[in-house]
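Worksheet: the structure to be examined is printed underneath.
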2 protein chains.
Amino acid sequence: MNTFAKLRSKGHRITDQRERILQKIKSHPQTVEEIHESLDKKVNLASVYRTLKLFVKNKAVRVINFGDGKKRYELLDEKNHHHHFTCNNCKSIEDISSQLEEKLIEDIQLKSKLKIASHSLELFGVCHNCT
Amino acid sequence: MNTFAKLRSKGHRITDQRERILQKIKSHPQTVEEIHESLDKKVNLASVYRTLKLFVKNKAVRVINFGDGKKRYELLDEKNHHHHFTCNNCKSIEDISSQLEEKLIEDIQLKSKLKIASHSLELFGVCHNCT
DNA sequence: ATCAGTGCAAAGTATTTGCATATCC
DNA sequence: GGATATGCAAATACTTTGCACTGAT
């Protein structure tokens, strides 16, 4: 079930604003302000906040935190689970994924006996361009 | 070189406020408000902000983000690198570490050819008490 | 037609800053 | 003594909320 179907099933409506916001996030994680700007402020800032909160609540979007203290909103795609590498120098962001990761989580789960439902991994360093 | 020695070498001073704030963070990650409260508001809120910013800049402290949107400040201890497990239910936080982790980072580094300097891993799920 | 969502403005929080005073080295 | 820090209050930035109106179903 996709994002909008899920929202509909809960009695929420698919508005033009919601579609546009979701569309914007598709390319890469963005801050509230960036989303607002890139929609030419045609969508009210309060609505951007409300929409993102709704998306997060419905697990269509997740919040990620790079080192800069700003929250960014990213589309959640089960089939494309990945992490981020942030360059400490130029602040560019790269998507990362690894096969070993599942093992790590399993390993932690076994040892700790905790039920791990989700995780977030952020990497920092120097990117190719800045080396 | 410890935190204060590092600060001194950069011309910063060791004040009572800074010592008390660092002391507070030692036990566990805390929000600005929690630190301010636990010092009985004897240290001005603006000073707490300024001090934490200074500590973060000097890598004595790092910011961590659990799911609740609140920033928490944690003492950085090279010798005791760890991650956090946050219970989605009771919001309790547990420290986690794993041997496999180094391998994961190395793996990613090899494949991506990026220079990874640091990373942050946050885990979410259900803790022992809430199962 | 109905009820959820939007825009707008105002209220609430969170964080930063300017400046006079206090304090570390 | 001199430069760095602090406290206080004001300024700025960020986020939420109430309400009348609009629009999706």
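The analysis underlying the following values was restricted to heavy atoms, covering all of them including side chains, and did not include hydrogens, waters or symmetry mates. Predicted model, so just to flag it, every value in this text is computed and none were measured. Each chain gets a letter, A, B and so on, in the order its sequence line appears, and its residues count up from 1.
- Within the nucleic acid shown, Q17(A) comes within 4.0 Å of sugar-phosphate atoms alone, with no base atom in reach, counting heavy atoms only.
- The side chain of A46(B) lies closest to dC8(D) when the candidates are dC8(D), dG18(D), dT25(D).
- Atom-to-atom, CD1 of I35(A) to P of dC14(D) comes out at 14 Å; the value is rounded to the nearest Å.
- Note that CD of Q109(A) is 10.5 Å distant from CD1 of I96(B), once rounded to the nearest 0.5 Å.
- Here the range on DNA chain C touched by chain B, meaning any atom under 4.0 Å from one of its heavy atoms, is dA14(C) to dC25(C).
- Across all their heavy atoms, H83(A) and S120(A) have their closest contact at ND1-C, 4.4 Å.
- Under the 4.5 Å side-chain criterion, counting only non-hydrogen atoms from C-beta, K70(A) is not in contact with E33(A).
- What separates CG of L39(B) from C1' of dG7(D) is a distance of 15 Å, to the nearest Å.
- Checked against H28(A) for a side-chain contact (heavy atoms from CB on, under 4.5 Å), the options K24(A), K26(A), Q30(A) give a single hit: Q30(A).
- Of the candidate nucleotides dT15(D), dT4(D), dA9(D), dT4(D) has the atom nearest to the side chain of H12(B).
- For the residue pair H81(A)/E102(A), the side-chain donor-acceptor check at 3.5 Å is not satisfied.
- The base of dT4(D) sits with one of its N or O atoms less than 3.5 Å from a complementary donor or acceptor on the side chain of R13(B).
- At dT6(D), one or more side-chain N or O atoms of T15(B) fall inside 4.0 Å of OP1 or OP2 (strictly under the cut-off).
- Under 4.0 angstrom from either OP1 or OP2 of dG7(D) there lies at least one side-chain N or O belonging to S47(B).
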(message) The test is side chain to side chain contact (heavy atoms under 4.5 Å, CB included); show your working for K115(B) and T131(A) and say whether it passes.
(response) CA-CA 8 Å; K115(B) 284 209 172 65; T131(A) 309; 3.4 Å; yes
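- Protein atom CG of L54(B) is 7 Å distant from nucleotide atom P of dA5(D), rounded to whole Å.
- Across all strands, R18(B) comes closer than 4.0 Å only to sugar-phosphate atoms, never to a base (heavy-atom distances).
- Nearest-nucleotide mapping onto DNA chain C: of R20(A) and D16(B), the residue sitting toward the 5' end is R20(A).
- Nucleic acid contact class of K42(B) (heavy atoms, under 4.0 Å, all strands): sugar-phosphate only.
- Where G11(A) and I14(B) each meet DNA chain C at their nearest nucleotide, the meeting point lying more 5' is that of G11(A).
- The separation between E37(A) atom CD and dA13(D) atom C1' is 14 Å, rounded to whole Å.
- If you take CG of L45(B) and C1' of dT12(D), they are 15 Å apart, rounded to a whole angstrom.
- Distance alone, capped at 3.5 Å, places no donor-acceptor pair between the D107(A) side chain and the K103(A) backbone.
- Here the P atom of nucleotide dA13(D) and the NZ atom of K71(A) are 18 Å apart, to the nearest Å.
- Under the 3.5 Å distance criterion, the side-chain polar atoms of N2(A) are matched with a main-chain donor or acceptor of F4(A).
- When rounded to the nearest whole Å, the span between OH of Y49(A) and P of dC14(D) equals 7 Å.
- Atom CG of D40(B) is separated from atom C1' of dG7(D) by 17 Å (rounded to the nearest Å).
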